[in-house]
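A quick write-up on the structure given underneath.
One is the number of the first residue; the rest follow in order along the sequence. Atom set for the values below is all heavy atoms of this structure, side chains included, hydrogens, waters and symmetry mates excluded. Here the structure is a predicted model, which is why all the values come from computation and not from measurement.
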Amino acid sequence: MGTITLTFDNGPEPEVTPRVLDILAGHGILSTFFVLGKKMAEPDRRALAVRAHEAGHWIGNHTWTHEVPLGLSTDPEAPEKEIGETQKLIGALAHPDRLFRPFGQGGNLDGRILSPAARDYLIDGGYSCVLWNSVPGDWKEGDGWYDQALADVAAQDRTLMVLHDLPGACVDKLDDFIAAARDAGHSFVQDFPPDCVPIERGVFARPDAMPSPLGVAA
């Protein structure tokens with residue numbers, strides 16, 4: 001059976017992140033939390049990232065605002081504002097690979113996620129760009145994400161799943177999902193499938209896996 005890498009975007013959230021951490025600890029699973037800079041600016045939320053880091057989870061950068069995909073931004077300073085300022089707040093919690101996940105606007109994996117300037121910023125800064133191959137939609141109303149997540153992991157050998165430590169997202173069914181996935185023979189790992197990391201430490205590891213920025217040929 002396959003392996004599953006769990007990642008959690010858009011936190012930290014005081015009402016949710018501790019529950020996610022407790023569930024993961026109960027199952028002995030390590031994951032990556034891709035945090036928002038505007039939340040890391042709040043001491044109580046940053047403390048949750050510290051807790052996750054101390055438990056062995058990796059901390060990645062998921063932009064400052066999570067409002068406009070970098071491939072659609074018209075602000076020439078967007079890469080520094082969204083990526084650089086967030087990385088400063090992550091500080092010593094950062095993974096050595098300087099993990100960055102772009103905002104995919106509902107999970108879309110296409111040229112909207114990065115502009116040429118943002119792509120160059122990641123390369124020049126030695127970042128690793130972490131994409132995904134499963135977005136089951138846990139932020140949507142209801143628990144439909146649970147069935148979609150199980151279908152995703154059944155359909156591929158290695159799954160890098162995007163979940164969210166947000167109110168109303170995955171947390172109420174997370175324990176059930178992990179148990180069901182293990183019952184089906186899947187295992188959980190912390191590392192990322194190579195196909196989901198097109199830029200590694202500032203180097204194109206898989207140029208063919210990188211969505212071309214809008215208007216830029218691959």
Without hydrogens or angle criteria, can the side chains of Gln148 and Asp152 be said to hold a donor-acceptor pair below 3.5 Å?
yes
Could you state the interatomic distance from CH2 (Trp64) to NZ (Lys88), rounded to the nearest 0.5 Å?
9.5 Å
Using the rule that Ile, Leu, Val, Met, Phe, Trp and Tyr join whenever any side-chain heavy atoms are under 4.5 Å apart, tell me whether Ile29 and Val189 fall into a single cluster.
no
Go through the steps for Ser31 and Phe188 under the test side-chain contact (heavy atoms from CB on, under 4.5 Å), then give the verdict.
CA-CA 9 Å; Ser31 65; Phe188 289 84; over 6 Å; no
Let me check something: do Val16 and Tyr146 share a hydrophobic cluster, defined by ILVMFWY side-chain heavy atoms less than 4.5 Å apart, either directly or through other members?
yes
Hey, mind stepping through Asp195 and Gln156 against side-chain contact (heavy atoms from CB on, under 4.5 Å) and telling me if it holds?
CA-CA 12 Å; Asp195 286 356; Gln156 54 196 353; over 6 Å; no
For Gly202 and Ile123, which heavy atoms make the closest approach, and how far apart are they?
O-CG2, 3.2 Å
Let me see the working for Phe34 and Val162 under side-chain contact (heavy atoms from CB on, under 4.5 Å), right down to the final yes or no.
CA-CA 10 Å; Phe34 287 96; Val162 177; over 6 Å; no
Is it true that Leu24 and Leu150 fall in one hydrophobic cluster, defined by side-chain heavy atoms closer than 4.5 Å?
yes
Could you report the tightest heavy-atom contact between Trp139 and Gly106, atom names first, then the distance?
CH2-O, 3.8 Å
Heavy-atom closest contact (Arg112 atom, Pro69 atom, distance)
O-CB, 3.2 Å
Do any N or O atoms from the side chain of Asn133 and from the backbone of Leu160 form a donor-acceptor pair under 3.5 angstrom?
yes
Please round to the nearest 0.5 Å and tell me the distance separating atom NE2 of His53 and atom NE2 of His95.
9.0 Å
Basic-acidic side-chain contact under 4.0 Å: Arg51, Asp22
yes
Side chain proximity check, Leu70 to Phe103, heavy atoms < 4.5 angstrom:
no
May I ask whether Val35 and Ile83 are part of the same hydrophobic cluster, defined by side-chain heavy atoms of I, L, V, M, F, W, Y residues being less than 4.5 angstrom apart, directly or through others?
no
Hydrophobic cluster membership, with links at side-chain heavy-atom distances under 4.5 Å among I/L/V/M/F/W/Y: are Leu21 and Ile4 in one?
yes
Heavy-atom check, side chain of Pro12 versus side chain of Glu42, under 4.5 Å:
no
Out of curiosity, Phe33 CZ to Asn10 CG, how far, rounded to the nearest 0.5 Å?
12.5 Å
Please confirm whether the backbone N or O of Ser128 pairs with a side-chain atom of Glu200, one donor and one acceptor, at under 3.5 Å?
no
Nearest heavy-atom contact between Pro76 and Pro79 is O-CD, 3.7 Å
Close side-chain approach of Ile90 and Arg98, heavy atoms under 4.5 Å
no
If we only count heavy atoms from C-beta on, is the Lys81 to Thr65 side-chain gap below 4.5 Å?
no
Kindly indicate whether the side chain of Met40, heavy atoms from C-beta on, has any atom under 4.5 Å from the side chain of Asn61.
no
Quick check: closest heavy atoms across Asp9 and Leu166, and the distance to 0.1 Å?
O-CG, 4.4 Å
Taking Thr3's backbone N and O only, do any of them form a donor-acceptor pair with Ser187's side chain (distance below 3.5 Å, no angle check)?
no
Would you please indicate if the ring centroids of Phe192 and Trp58 are separated by under 6.0 Å?
yes
Between Asn108 and Asp110, is there a donor-acceptor pair closer than 3.5 Å when you use the side chain of the first and the backbone of the second?
no
Can you measure from CG (Asp44) to CD (Glu13) and round to the nearest 0.5 angstrom?
9.5 Å
Does Lys39 use its side chain to pair, donor to acceptor, with the backbone of Gly11 at less than 3.5 Å?
no
Please determine if Arg19 and Asp172 form a salt bridge, counting it only when a charged side-chain N lies under 4.0 Å from a carboxylate O.
yes
Does Tyr127 offer a backbone N or O that forms a donor-acceptor pair with the side chain of Gln87 under 3.5 Å?
no
Test item: Glu80 and Tyr121 side chains (from C-beta on) under 4.5 Å apart, heavy atoms:
yes
Asp138 side chain vs His164 backbone, donor-acceptor pair below 3.5 Å:
yes
Using the rule given for side-chain contact (heavy atoms from CB on, under 4.5 Å), can you reason through Arg119 versus Ile199, listing the C-alpha separation, both sets of side-chain angles and the distance that settles it, and then say yes or no?
CA-CA 9 Å; Arg119 185 176 63 182; Ile199 299 175; 4.3 Å; yes
Option passing side chain to side chain contact (heavy atoms under 4.5 Å, CB included) with Thr7 (candidates Gln190, Met161, His62, Arg101)
Arg101
Within the distance-only criterion (no hydrogens, no angle test), does the side chain of Asp97 pair as donor or acceptor with the backbone N or O of Leu99 below 3.5 angstrom?
no
Using the side chain to side chain contact (heavy atoms under 4.5 Å, CB included) rule, pick out the option among Asp165, Ile23, Leu163 that qualifies with Val171.
Ile23
Can you confirm whether Asp157 is buried at CG, in the sense that more than 12 heavy atoms of other residues, nucleotides or ligands lie under 6.0 Å from that atom?
no
What do the steps show when you test Glu85 against Lys38 for salt bridge (Lys or Arg N to Asp or Glu O under 4.0 Å), and what is the final call?
CA-CA 9 Å; Glu85 293 302 314; Lys38 65 183 181 182; over 6 Å; no
Decide yes or no for Glu82 and Phe100: does some side-chain heavy atom of the first lie under 4.5 Å from some side-chain heavy atom of the second?
no
Heavy-atom closest pair, residues Thr5 and Pro193
OG1-CD, 4.3 Å
Is any side-chain heavy atom of Leu131 closer than 4.5 Å to one of Ile113?
yes
